[in-house]
**Q** 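Have a look at this one before I ask anything.
Just so you know, these numbers come straight off a predicted model, no measurement behind them. Atoms considered below: every heavy atom in the structure, side chains included; atoms not considered: hydrogens, waters and symmetry mates.
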Amino acid sequence: MSESKSPRRRSKNQYLPWLRLFVRLLIVVAVLVVGFLVWNNWDKIAPEAVLDWAEARFGDAQTGNGFPTAIEGNSVLAMSEVNQHLVALTDTSLQFYNSSASRVVTRNHPFSNPTLHTAGRYALITEVGGSRFRLETRRETVLSMELENRKIYASCLLSSGMVAVVTDSASQSYLCEIGVYDRRGKSVFTYQCRKYLLTNISLATNGKGIAAVGTTAEGGMLKSVLLMFNFSDTEPVEYSGSDLLLYDVNYYSSGAVLAVGDKEVWILPARGNAVDKISLDGFEPIGYSASTTLSALVLERSGSTGDGYVWTIDGSGTVWKSEQMEGNFRSVSCQNTQILALTESHLYNFSKSKLENEVHTPSDSLLVTEYRDRPLLLTLSELQRVES
């Protein structure tokens, strides 16, 4: 006579098929979730080369044959490198090029006076004198904002996508306002300035503060000011001077700050509480560019042309003064630790403390930038590499 199975054994075997089905359903759901996440974030995880190939193969991107490549140079307002792509701002669009000179993205813009800032994977287009700005990447417009009934004076950008703008006032109780936003458009910091008209700003690389320069009239004289903001404080630390105009400012990754004026440059050390004021010795500034590690100031003697000089200033406050450059100044670009200064006849490549290289350039050269560690030149008709 056979032995019957126990109730416990029958109960366990009874639930095994349902357990297997439940596990299989979990696996299917997990695969679907992973597939959705990969599809939704493909632009962030796919290699740029794959994205460029797909854009050229299935989209409307042009296929490139390398540099030089044709472009209407007189329509280009600015250019820079963004996440291994060259970005060119024209009077009607923002264009992204890859290393083969393929124009992989073109986005039109309606801004009447656009400016370009780049950091990391982001490009910021600001309508100076207008009310709009857009935060772009190679794949999408991340943020588009319009500050109603306001005029933007200046803007800046961090590699995290944080944006800061200076606008005019919304009432007569103050002169201008600083607004800081994260990449989603959420307000991070606001300050209403009642005493000074702020003309330029620079965000701290840690995203916790901002430096601003501005002016006012005091005793019949022009007074300039450098304001240092900490987002956790209600009021800034102020440094001022008379009879000069501070027009630009740069926050280094070291924590030091450089303010550039028409007669002096001011350097605030990273852990200092007093600015070091350096005279321009009678020179006039005609060009300026900066990165988070280095700044380049192009100067010429008052009343003369074709005798430009470059001052490089690093995050420690060290100043290096170049020898004279040949030809009228056209453009300067400072990215990372390389400075490119373009005149009507030559391109000069400076490191932090010396002239590294000098080459002849076409007479119709307009702009220069560093792209993939090499100089890229814009002429009236094309973008071209500069060979040493």
**Q** For a quick test of reading the model, state the closest non-hydrogen atom pair linking Y252 to I313 and the distance between them.
**A** OH-O, 2.9 Å
**Q** Locate the shortest heavy-atom distance separating L258 from V265; write the atom from each residue and the value.
**A** CD1-CB, 4.0 Å
**Q** Are V76 and F67 joined in one hydrophobic group, where the rule is that I, L, V, M, F, W and Y side chains link up if heavy atoms are under 4.5 Å apart?
**A** yes
**Q** Answer yes if the side chains of Q335 and T369 hold a donor-acceptor pair under 3.5 Å, and no otherwise.
**A** yes
**Q** I need the minimum non-hydrogen distance between C334 and S289, along with the two atoms involved.
**A** N-OG, 2.9 Å
**Q** Say you draw a straight line from CD of E356 to CD1 of I339; how long is it, rounded to the nearest 0.5 Å?
**A** 10.5 Å
**Q** Tell me whether F229 is reachable from L197 by hopping between hydrophobic residues (I, L, V, M, F, W, Y) whose side-chain heavy atoms are closer than 4.5 Å.
**A** yes
**Q** Please confirm whether the backbone N or O of N328 pairs with a side-chain atom of E344, one donor and one acceptor, at under 3.5 Å?
**A** yes
**Q** When rounded to the nearest 0.5 angstrom, what is the spacing between OG1 in T343 and CD in E358?
**A** 8.5 Å
**Q** Once you measure the plane-to-plane angle for H346 and H360, does it fall in the parallel (<30°), tilted (30-60°) or perpendicular (>60°) bin?
**A** tilted
**Q** With a cut-off of 6.0 Å (strictly less than), are more than 12 heavy atoms of other residues, nucleotides or ligands near CG of N108?
**A** yes
**Q** Do F231 and V166 land in one hydrophobic cluster if side-chain heavy atoms of ILVMFWY residues count as linked below 4.5 Å?
**A** yes
**Q** I need the minimum non-hydrogen distance between Y97 and I71, along with the two atoms involved.
**A** OH-CD1, 3.5 Å
**Q** Do you reckon V188 sits in the same ILVMFWY cluster as L158, going by side-chain contacts under 4.5 Å, direct or chained?
**A** yes
**Q** Under 3.5 Å, side chain of D262 to main-chain N/O of L245, donor-acceptor pair present?
**A** yes
**Q** For Q95, does its backbone N or O pair with a side-chain atom of S93 as donor and acceptor, under 3.5 Å?
**A** no
**Q** A side-chain contact here means heavy atoms from C-beta on lying under 4.5 Å apart; do L222 and T215 qualify?
**A** yes
**Q** Drop me the distance from E370's CD to M79's CE, to the nearest 0.5 angstrom.
**A** 12.0 Å
**Q** Within a strict 4.5 Å, meaning less than it, do heavy atoms of the M228 and L268 side chains meet?
**A** yes
**Q** Should D314 and K352 count as an ion pair when the cut-off is N to O under 4.0 Å?
**A** yes
**Q** If every non-hydrogen atom of D243 is compared with every non-hydrogen atom of M221, which pair is closest and at what distance?
**A** CB-CE, 3.5 Å
**Q** Going from CZ on R103 to CG on L86, what distance comes out if it is rounded to the nearest 0.5 angstrom?
**A** 12.0 Å
**Q** Are more than 12 heavy atoms from other residues, nucleotides or ligands located less than 6.0 Å from atom CG of D281?
**A** yes
**Q** Given 3.5 Å as the limit, does a donor-acceptor pair link the side chain of D168 with the main chain of R150, or not?
**A** no
**Q** Test of understanding: clusters of I, L, V, M, F, W, Y form through side-chain heavy atoms closer than 4.5 Å, transitively. Do V275 and V249 belong to the same one?
**A** yes
**Q** Assign the ring pair F133 / Y181 to parallel, tilted or perpendicular, where the plane angle (0 to 90°) is split at 30° and 60°.
**A** tilted
**Q** Quick one: pull up CD in E127 and CG in N113 and give me the separation to the nearest 0.5 Å.
**A** 8.0 Å
**Q** Has the side chain of S224 got a donor or acceptor atom that lies under 3.5 Å from a matching backbone atom of L246?
**A** yes
**Q** When you measure from the side chain of S333 to the backbone N and O of L340, does any donor-acceptor pair fall under 3.5 Å?
**A** no
**Q** Where does the angle between the aromatic ring planes of F111 and H109 fall among parallel (under 30°), tilted (30 to 60°) and perpendicular (over 60°)?
**A** tilted
**Q** So, taking the atom named CD1 in I201 and the one named OG in S155, what distance separates them when rounded to the nearest 0.5 Å?
**A** 6.5 Å
**Q** Is the side chain of S254 donor-acceptor paired with the backbone N or O of G315 at a distance under 3.5 Å, no angle test?
**A** yes
**Q** Would you name the heavy atoms of L89 and T115 that are closest together and state the gap between them?
**A** CD2-C, 3.7 Å
**Q** Under the criterion side chain to side chain contact (heavy atoms under 4.5 Å, CB included), which of L124, V105, L143, T141 is the partner of E136?
**A** T141
**Q** Under 3.5 Å, is there a donor-acceptor pair between the side chain of Y371 and the main chain of L377?
**A** no
